[in-house]
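The block underneath contains the structure these notes are about, expressed in structure tokens.
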Amino acid sequence: MTRETLSFPPTSIPPLEPYLPLTSPSPSSKPHLTLTYATSLDASLSLAPGVRTTLSGPYSKSMTHYLRTRHNAILVGCTTALVDNPALNSRLGSITSLDQQPRPIILDPKGRWDFTEDSQVIRLAAEFKGKGPWVVTKRGGETKERGELLERVGGKFLFLETGEDGRFKWGDVLSVLGEQGVRSVMVEGGGEVINSLLIDPENRLVDSVIITIAPTWLGKGGVVVSPSRQQGQTSQLKLRDVSWQPHGEDVVLCGRILRS
Ligand SMILES: NC(=O)c1ccc[n+]([C@@H]2O[C@H](COP(=O)([O-])OP(=O)(O)OC[C@H]3O[C@@H](n4cnc5c(N)ncnc54)[C@H](O)[C@@H]3O)[C@@H](O)[C@H]2O)c1
Ligand SMILES: Nc1nc(=O)c(N)c(NC[C@H](O)[C@H](O)[C@H](O)COP(=O)(O)O)[nH]1
């Protein structure tokens, strides 16, 4: 499958700049986390679980590929890796070196992502068109064969313990990425990843939100972004410093989560 080369006009960059990671962050701070995804008018990421659904138009898609050049890493859940077979690289035409590519990070505590040499993100890393993925898993989620395949393309397994809910604490995820030198990460989805991030009790991990809103309803049965409420929670999860930016037929909402 040939992948188009994209461009993102410099005139579009200024409105996004306040929401992007600092180009020279202090080494002690946690990695900057940008939550970014495309949603329908009825808060869906895709038509149904496992159904890759195009929502972004050409302009906002180019924006996403620009965002990928502004972050050290791009993180998705293993179901997204499984069903979308994503490239998780940037195809912005202005890229001249592998250093400008984000590191793909896949959260996969049980080792469900059965990647092979034919997986797109692996193949692109082998062709030096993307970086080798880091798969965050629980001890036992890895296999020798897959570990060797990752190493061949410059990737690796990272190991974390899960809580009783079988999930990683987001603070631990960011700590292990920080230890690897990651200073900024864009979390792209899917639904479980985003919802688990948004219910983080202190909401102190998400530094900025950049959401593409497409002019379409996907209808019932979609993968919905709607974080669970904590027991007795009455407060809303709100954004501040909000800006709305048209990109073609889509609108891009930028903001920061209002700290509780
Ligand atoms: N529109 C968009 O921007 C966008 C972005 C990404 C994915 N998608 C779509 O979303 C769908 C996939 O979403 P989904 O919700 O089914 O799956 P997902 O991609 O969120 O992956 C879920 C899996 O990730 C792991 N995971 C998630 N949070 C974790 C945590 N805190 N700790 C440890 N592991 C964790 C678990 O193994 C979980 O089963 C696909 O259809 C995909 O096309 C859309
Ligand atoms: N911004 C955005 N708009 C969309 O319309 C859409 N479907 C996704 N989905 C995000 C998810 O991570 C996809 O799997 C990758 O965006 C696949 O794209 P790549 O192959 O990585 O370029 N993201």
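Just so you know, ligand 1 is whichever comes first in the structure, and atom 1 is the first atom listed for that ligand. Heavy atoms only: backbone and side chains are in, while hydrogens, waters and symmetry mates are out.
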Is it the side chain, the backbone, both or neither of Glu188 that has a heavy atom closer than 4.0 Å to ligand 1? backbone
Side-chain donor-acceptor pair under 3.5 Å between His71 and Thr34, yes or no? yes
Counting heavy atoms only, which of Leu45, Val187, Asp84 comes nearest to atom 42 (C) of ligand 1? Asp84
Judging by distance only, is a nitrogen or oxygen of Arg167 under 3.5 angstrom from one on ligand 1? yes
Students often mix this up, so state it plainly: with edges at 30° and 60°, are the rings of Phe8 and Tyr66 parallel, tilted or perpendicular? parallel
Between Val51 and ligand 1, which part of the residue brings a heavy atom under 4.0 Å of the ligand: side chain, backbone, both or neither? backbone
Under a 3.5 Å cutoff, is there a donor and acceptor pairing between the side chains of Ser175 and Glu179? no
Between ligand 1 and Leu55, is the shortest N or O to N or O distance under 3.5 Å? no
Enumerate the residue pairs fulfilling salt bridge (charged side-chain N to carboxylate O under 4.0 Å, His left out) with a member in residues 130-153, sequence neighbours excluded, ordered by first and then second residue. Glu117-Arg152, Lys144-Glu148
Which ligand 1 atoms, with their elements, are less than 4.0 angstrom from a heavy-atom of Val83? 40 (C)
Any atom of ligand 1 sitting under 4.0 Å from a heavy atom of Leu107? yes
Determine, using heavy atoms of Asp108 and all atoms of ligand 1, whether some pair is separated by less than 4.0 Å. no
Check whether any heavy atom of Arg112 sits under 4.0 Å from an atom of ligand 1. yes
How does Ser46 reach ligand 1, if at all, at less than 4.0 Å between non-hydrogen atoms: by side chain, backbone, both, or neither? side chain
Identify, chain by chain and in numerical order, each protein residue with a heavy atom under 4.0 Å from an atom of ligand 2. Arg3, Ala38, Arg52, Thr53, Thr54, Leu55, Ser56, Thr64, His65, Arg68, Val76, Thr80, Asp84, Pro86, Ala87, Leu88, Arg91, Glu188
